[in-house]
2 protein chains.
Amino acid sequence: MNQDSILRSLIAENLVSDPASARGRLLHEAARLFRDKGYERTTVRDLAAAVGIQSGSLFHHFRTKEDILKAVMVETIRLNTALMQAAMEAATTHRDKLQALIRAELESINGQTGEAMAVLVFEWRSLSEASQAYVLELRDIYEQLWLDVLDALRKDGVLAAEPFVVRRLLTGALSWTVTWYRPDGGLTLDDLTEQVVAMMGLTRAEN
Amino acid sequence: MNQDSILRSLIAENLVSDPASARGRLLHEAARLFRDKGYERTTVRDLAAAVGIQSGSLFHHFRTKEDILKAVMVETIRLNTALMQAAMEAATTHRDKLQALIRAELESINGQTGEAMAVLVFEWRSLSEASQAYVLELRDIYEQLWLDVLDALRKDGVLAAEPFVVRRLLTGALSWTVTWYRPDGGLTLDDLTEQVVAMMGLTRAEN
DNA sequence: TTACAAACCAAGCGCTTGCTTGGTATTGTC
DNA sequence: GACAATACCAAGCAAGCGCTTGGTTTGTAA
């Protein structure tokens with residue numbers, strides 16, 4: 001399954017919005033605005049203007065402004081969990097599975113869904129507690145993928161640190177790339193992936 | 001120089017506010033509120049109430065609300081640059097210098113100045129562009145400390161990845177600890193430091 | 001053509017926001 | 001003890017906020 005067919009099947013199951021639909025376009029613009037200006041600094045008038053309607057008309061599609069933020073986050077997690085799963089299943093060795101996960105997460109942070117992923121990282125506190133709990137549940141599925149691979153590497157004797165700590169350190173390291181990585185800066189995503197693997201001392205030759 | 005004497009000399013030079021002064025107490029409360037609720041969600045009334053004065057009286061001490069945010073960030077960077085420098089100079093080998101830097105940064109993120117450091121990471125966009133530029137200048141001094149040590153390790157053949165990439169990955173990994181690390185969770189800051197070093201494959205025996 | 005719902009507009013309400021104003025205590029100095 | 005300077009209060013203004021309301025246009029299907 002390639003990325004496009006994964007997206008299409010999620011749309012068919014109504015788990016994410018079609019980017020071509022009114023709702024999908026709004027969520028895309030919202031992600032962009034929330035990333036650029038922050039959730040609080042983005043007004044419903046900004047959101048409405050971005051899709052060419054009046055501010056009041058937004059509330060025909062979403063009950064509250066926060067619902068829009070929640071939808072951005074939920075749909076992003078759903079899509080990326082599916083993409084991760086596919087990327088990992090395509091690899092064979094534990095080391096390659098880890099590299100695939102790193103590569104996939106870098107892609108989700110710096111590629112098409114980058115705006116939404118940045119929102120997920122930096123606008124977390126703007127979600128109500130109830131919504132936070134819901135999103136956290138979705139994230140657990142996603143996190144288990146990582147822990148399984150890191151546990152295996154640990155048992156192989158390739159990884160010296162605790163898997164759950166490593167995952168959290170990696171979460172930070174990879175999320176943070178959104179603040180500095182630019183695809184046109186002479187470093188491809190593949191290069192960056194290799195740098196991460198190299199920093200961990202997991203060079204290809206050894207394993 | 002221990003931490004306390006560093007703080008005192010910075011106060012004497014008027015580079016950071018005395019925590020006991022009115023200004024210092026306000027900045028401390030501001031850091032806490034900004035971290036807990038975010039800059040935008042924190043009102044000047046919240047800030048004033050936290051130090052027991054009326055909202056209007058704030059503007060006797062600071063010209064604008066944003067000036068308070070800027071002051072929190074500037075003073076935090078000044079203090080931590082000094083702490084880092086001291087921590088690093090106390091170590092001898094390159095590996096130990098790196099470990100000292102990691103330990104110091106974890107301390108600044110999760111210790112006394114943790115609230116202010118979290119603000120520095122997560123409220124960056126709330127600063128005006130002019131203030132951002134000023135804070136960035138201060139940060140460059142700080143960053144050079146890291147790059148010098150990482151360059152040395154690279155030349156020693158102990159580090160396989162590019163120093164400037166590693167620094168950015170570490171920035172993310174260490175900053176992110178503020179979202180999950182709890183000192184009472186069975187993992188000390190020393191433990192955590194060792195985990196970071198272990199993740200990088202720099203175990204004590206080898207070097 | 002008719003019927004009806006979904007999508008949208010124009011206007012604005014009620015509230016909160018950062019900040020200002022004019023005046024009053026409090027503190028330090030000679 | 002006179003006199004500033006500093007620190008603060010009480011009140012409120014202008015602007016911007018999320019969201020509501022009542023009504024109109026557009027799409028769809030019989």
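Lettering follows sequence order; numbering is per chain, from 1. Just so you know, these numbers come straight off a predicted model, no measurement behind them.
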Starting at atom [atom1] of [X], determine the distance to atom [atom2] of [N], rounded to an integer number of angstrom.
X       : N      : atom1 : atom2 : answer
A/Arg63 : D/dT20 : CZ    : C1'   : 14 Å
B/Leu58 : D/dA10 : CG    : C1'   : 15 Å
A/Lys65 : D/dG18 : NZ    : P     : 4 Å
B/Phe62 : D/dC8  : CZ    : P     : 12 Å
B/Tyr39 : C/dT17 : OH    : P     : 13 Å
B/Leu69 : C/dC19 : CG    : P     : 12 Å
A/Leu33 : D/dG18 : CG    : P     : 12 Å
B/Ile53 : C/dT26 : CD1   : C1'   : 15 Å

> Do B/Lys65 and B/Tyr39 meet the cation-pi criteria used here (NZ or CZ under 6.0 Å from the six-membered ring centre, within 45° of the axis)?
Replying inline: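 That pair qualifies as a cation-pi contact.
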> At their closest point, which heavy atom of B/Trp176 faces which heavy atom of A/Arg168, and how far apart are they?
Replying inline: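 Minimum heavy-atom contact is CD1-O, 3.4 Å.
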> B/Leu202 and B/Arg95: which non-hydrogen atoms are nearest, and at how many Å?
Replying inline: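 Taking every non-hydrogen atom into account, O-NH1, 3.0 Å.
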> Quick one: which of D/dA7, C/dA10, C/dC19 gets closest to the side chain of A/Gln54?
Replying inline: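 Side chain of A/Gln54 sits closest to C/dA10.
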>> I want to verify a distance call: between C/dT20, D/dC19, C/dC8, whose nearest atom is closest to the B/Phe59 side chain?
In response: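 Comparing C/dT20, D/dC19, C/dC8 against the side chain of B/Phe59, the answer is C/dT20.
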> Looking across every strand, which nucleic acid part, if any, lies under 4.0 Å from B/Ser55 by heavy atom: base, sugar-phosphate, or nothing?
Replying inline: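 Base: the residue B/Ser55, judged by heavy atoms under 4.0 Å, touches a nucleobase.
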>> What I want to check is whether the side chains of A/Ser55 and A/Arg45 have a donor and an acceptor closer together than 3.5 Å.
In response: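 No pair is found: no donor N or O on one side chain lies under 3.5 Å from an acceptor on the other.
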> Strictly by modelled atom types, are A/Asp96 and A/Thr93 linked by a side-chain donor-acceptor pair under 3.5 Å?
Replying inline: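 Checked: A/Asp96/A/Thr93 side chains pair up, N/O donor to acceptor below 3.5 Å.
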According to a strict under-4.0 Å criterion, is [X] in side-chain N/O contact with OP1 or OP2 of [N]?
X       : N     : result
B/Ser57 : D/dA7 : no
A/His61 : C/dC8 : yes
A/His60 : C/dA7 : yes

> Got a donor-acceptor pair under 3.5 Å from the side chain of B/Arg45 to the base of C/dG18?
Replying inline: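 Yes.
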